[in-house]
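To start, the structure itself, in structure tokens.
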Amino acid sequence: VMAMEVTQVLLNAQSVDSTARKNAEDTLKQFQERNLSSFLLSLSAELASEEKPVNSRKLAGLILKNSLSANGPYLKFELAKRWLSLDVALKSQIKACLLQTLSSTVYDARSTASQVIAKVAGIELPHKHWPELIGSLLSNFHQVPPHVKQASLEALGYICEEVPPEAIDQDQVNKILTAVVQGMNANEPNVQVRIAASQALYDAIGFAKANFSNDMERDYIMRVVCEATLSSEVKIRQSAFECLVSIGSTYYDKLAPYIKDIFTITSKAVREDEEPVALQAIEFWSTICEEEMDILEEYASDFGADSNAPCFYFIKQALPALVPLLLETLLKQEDDQEEGAWNLAMAGGTCLGLVAQNVGDDIVPPVMPFIEENITKADWRQREAATFAFGSILEGPSPEKLAPIVNVALNFMLSALTKDPSSHVKDTTAWTLGRIFEFLHGSSVDNPIVTAANCQQIIAVLLNGMKDAPNVAEKVCGALYFLAQGYEDVGSTSPLTPYFQEIVQALLHASHREDADESRLRTAAYETINEVVRCSTDEETARLVLELVQIIMAELHKTFEAQIVSSNEREKQTELQGLLCGCLQVIIQKLGSSEHTKYSLAQYADQIMNLFLRVFACRDATVHEEAMLAIGALAYATGPNFAKYMPDFYKYLEMGLQNYEEYQVCAITVGVVGDISRAIEDKIQPYCDGIMSQLLKDLSSNELHRSVKPPIFSCFGDIALAIGENFDKYLSYAMPMLQSAAELSARPSVFHEEMPEYKNLLRNGILEAYSGIFQGFKNSPKTQLLIPYAPHILQFLDSIYMEKDMDGVVIKTAIGVLGDVADTLGSNAGSLIQQSLSSKEFLNECLSSEDHLIKESAEWARLAITRAISV
Amino acid sequence: LRRSFKRLPISDQQRRRQLSLERQAENRGEAQRLARCLAHTILSLQDVSPSQPQSEIELESQAEEPAAQCFDVRQAARLRGPEARRWFAKQLMLPEWMIDVPDKLATDWYVCARPAGKRCFVVSSNGITVSRLRNGSLLHRFPSALPNGARTNNHMGTGQSYCILDCIFHEPDQTYYVIDMVCWGGMSFYECTAEFRFFWLNSKLVETGACNEPSNFHKYRFRAVVVYDCDQDGLNAAYSGSAPYVKDGLLFCNKHSHYQPGNTPLLLVWKDANCSQYVIDTDGKGLVPDQQQVVLELLDDGSLGTSDDPPVIFGVLENSFVEKNKLKGGTLLRFCVKEGGLGFRDGELERAELEYVGKANASKAFADSYSKVVFQYMARCSPLRIEHI
């Protein structure tokens, strides 16, 4: 492809004509596949060339960036590997083009180049490649044109965002910080340079650990940042506050000398500055709240008491001034704010909530006068702000402190929800009621807010509120949700039982409202039905839940009758089916959990299953996650009878296992295979060839999200336990997979750094597979087939033991597998087991474990081993 | 970015997923445990059984068939008649009496108020339920809602599905109070910790309907005794809290202990006058004798031992005395404790001043245990009071 053509293709790729666009995309793809080196070089040359149109330069840079890095950790790793393997001379050429582009007079070209440079740096700096990069960027500061300075600062910022702090020497860090801080200085004449510098400082804060430990350097950085908060340029003020937020969370322990000044600066900004700046100023205090709570929590879990915790209690000290500041923001509501909007009042309320969690009881005295003064005012803003303040402080203070206040307020809230003329006030009132039930109601609370005396009134008000505007009704659903949740552990008869039917009817009614699409009301209504069902306890409600099955089935049936024309309608139908399947799942799980109700549920199993099959049939290629979850619960509840559904259901099971894109669906389907295995046991055998081959495919796929892989291994165990020795035909495929996964889990790798718990999940899956396979083969003549795998399994157990980084679940499963091997192989494995480390130190440690589950597994293992070596 | 906290913090879908995963993990664990437990019964058959039905039983019946010695609990549940009587006589876990307070009582032990009544094994198998007293004799034969405990109940009546429960039959409300579980639904729980057995018992007993009111196919109601952690609150609840039954002392059970037939220091009983009508042993007429009575076993060498293994020796009978009263080894003899009482050194019995009363009542199957004798002795002079525990 000639250089001229590249430009044209890149422009065509942005054409409005879809055919031209498609052709251009194909050409680019072919070019990349045929010759990656020349492809990348052409793109960098295109980006660097001042003669080219800005649009082709921009796209060239974007494609270059995407060929260096991606979002998923696996792909990111692969792309980095590919770049590192390229010819050094080629890479130097590309990098030269990129650096050269920073001098471009075209802003988009410079800016794109700085992003690409950061991606290359992200790959190369940790390998100590491209050592001259930082130096050459810094050298640009001595050049006159301010736009080059601006681009270099931007590049430095992106680099700091991209690479880990240890990849840059302290010497270079010092130089970067000097350059950045100088760029922010008020003496710098160019505004764009000052903006770029203040944004770069935000990214570089994490690199400044050493500098923040040095009093002089820290004072200097803090001074520059604080001065920047007073800049005449709003973007600089915003960046400066962002820097303060980052400093607050990164260097909390160094803040003491500056905190008073910061309070002055932030309160001025909150009161006087433009919203984006004011929001960051509030964010500073929210961050400090969280920082202090983290410190105290961590310290308490390590040392038990908090008297010596490295906490300065800034929030506690700032309380007398901070609380009035935040309360003022609550009065600055927008007239017509959207659901979930982020504005000054929301940020202030959120911060007030964090302050309440931070200081506990101390929040109550300074907030109460504000509530009392405003809650009856004529202006809705004052009533709403007072209610919001009240709702915000309900988490944190002790129930003893809050109970008397809430007891008084409850009646007021109930009447406001009924009578207040403002929808804003009602919205916040319903939300506050939800918070009251969430934090001050339940079996763990000593002085219950909800009593036999007021329960009926509360429910009446809430059910009435469900008829209000959708945003209010949605909050009311939330309040009912927490009201029900509080009775979760109530024992035999829930006080909600007499109202169960009425509540469910009102929720169903809300879900049928014309405007139920707004404010996610329909979703909230069904989720609340779910919680009411989950928390129902007695036999009386069990009967009503059984009636609900029929209602929900009828609702689901209706979704198939509706005429679907537009894609919008289809989307709605799918969403509603999801909610109904979710509701059925909760009901099935509830009724399936006791022998008595399980039996009553059985009469509907056929109809329910038919409906689920129709839900699957509605969608083309994908399988509905909610229906799949519900089928798992149904399999558990129906037991062996589930076998009769398999012929019709199997194809959807297979589809689910093939759904790499929506990996959650794939994961859930894997779980359902386990449910079905346990339910129908050997009757699953006719389907095992298909299931096993799909599971094996899933395991070898790079596309499938790796979180699905451990459950697949566990699923091997489920299948083996169900079909016993008939698992023999899969051994030669499954065992090598398990073996290589076991080896992978023992090796350090990029995955483990990003997700340390993954290692243990993987181990647990592998171990559960072994456990199921060995128990499945127990007492079979085919047990012999397992003997060759025993040495590796024991080695795996030993290696897990020696690494000492396993969690309790893995310990329990691992020691159980030791028992399973001994139990199934008996004397065939006796000497092998005796030689293993696991059968000695590991077993002994587990036998004296505090965790009784581990101890129990260990005792089982000991018994099995004793027998294996004595025979 | 910070999310407005005015939005509901719940995502019910995430919750549904999570609950599903938890259920699946639980079911998987259950399936594995089941697979292991079934294997287990077979293991214990080979390991434990041969040494079991020995000693005392042979005194009564020499014609023990060798085959009958090799049964495990599964077969035992199907035993009938005298064989069953003999076997069960040896299987109950018997508490020692608390004569001092174990370490870590608050963390490692459970406590419950012991119902007053007849300690027995309840076995459900083959469509019938049988209860047997400590000495092996039959108490009731009745239909029950326990697995396979009646001919007509809904639980698929496979021969596998039997239960053995450790109970106290409480006369006033005609209820079996279950204090422990040995087998359930065909699975042996001998090798499981108390913590696990109680957990299982509590979750399974109600499910079967065995706690329901009596009906045609369910003659006696069952109830699980409420077991508390042995901290101050639990102890108070067991000691002074209300119970649906007449209390007879407190039972302490070590959480990690397995079900172990015979006397065990991991199960302890303690009483005082507040929580039991029977602190000090009574005689046949229900009166408290002036002097403490003890029942000891005459061993072959003429010494007098407790029921402990090995027995604690309280003294030796002279040959002439044995011959004169025509006593045989193995006979249980009743003595009373004289003025001099019992003497201890370093926590061990040093001397005992006893006077022969006569042969023990025929219904008595075992000699007294050492801890019982000492507890009774202390109860008369310096009792271990609730404040000490």
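All values reported here derive from a predicted model rather than from experimental measurement. Quick note on labels: first sequence line is chain A, next is B, and so on, each numbered from 1.
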Exercise. Could you check which of A:Asp718, A:Leu721, A:Leu853 has the highest count of heavy-atom pairs closer than 4.5 Å to chain B?
Key: A:Asp718
Quiz item: Are A:Ser771 and A:Asp820 linked by a side-chain donor-acceptor pair shorter than 3.5 Å?
Solution: yes
Quiz item: Just by distance, do the side chain of A:Glu395 and the backbone of A:Ser392 share a donor-acceptor pair under 3.5 Å?
Solution: no
Quiz item: Distance under 6.0 Å and angle within 45° of the ring axis: does A:Lys598 meet both against A:Tyr636?
Solution: yes
Quiz item: Which bit of A:Lys855 is near chain B, if near means a heavy-atom gap under 4.5 Å: side chain, backbone, both or neither?
Solution: side chain
Self-check item: Pair B:Tyr228, B:Asn236: side-chain N/O donor-acceptor within cut-off below 3.5 Å
Solution: no
Self-check item: Side chain, backbone, both or neither of A:Ser714 within contact of chain B (heavy atoms, under 4.5 Å)
Solution: both
Self-check item: Contact origin within A:Glu768 toward chain B - heavy atom pairs under 4.5 Å
Solution: both
Self-check item: Portion of B:Gln24 that has a non-hydrogen atom of chain A nearer than 4.5 angstrom
Solution: both
Quiz item: Minimum heavy-atom separation for A:Ile282 to A:Gly348, with atom names?
Solution: CD1-N, 4.1 Å
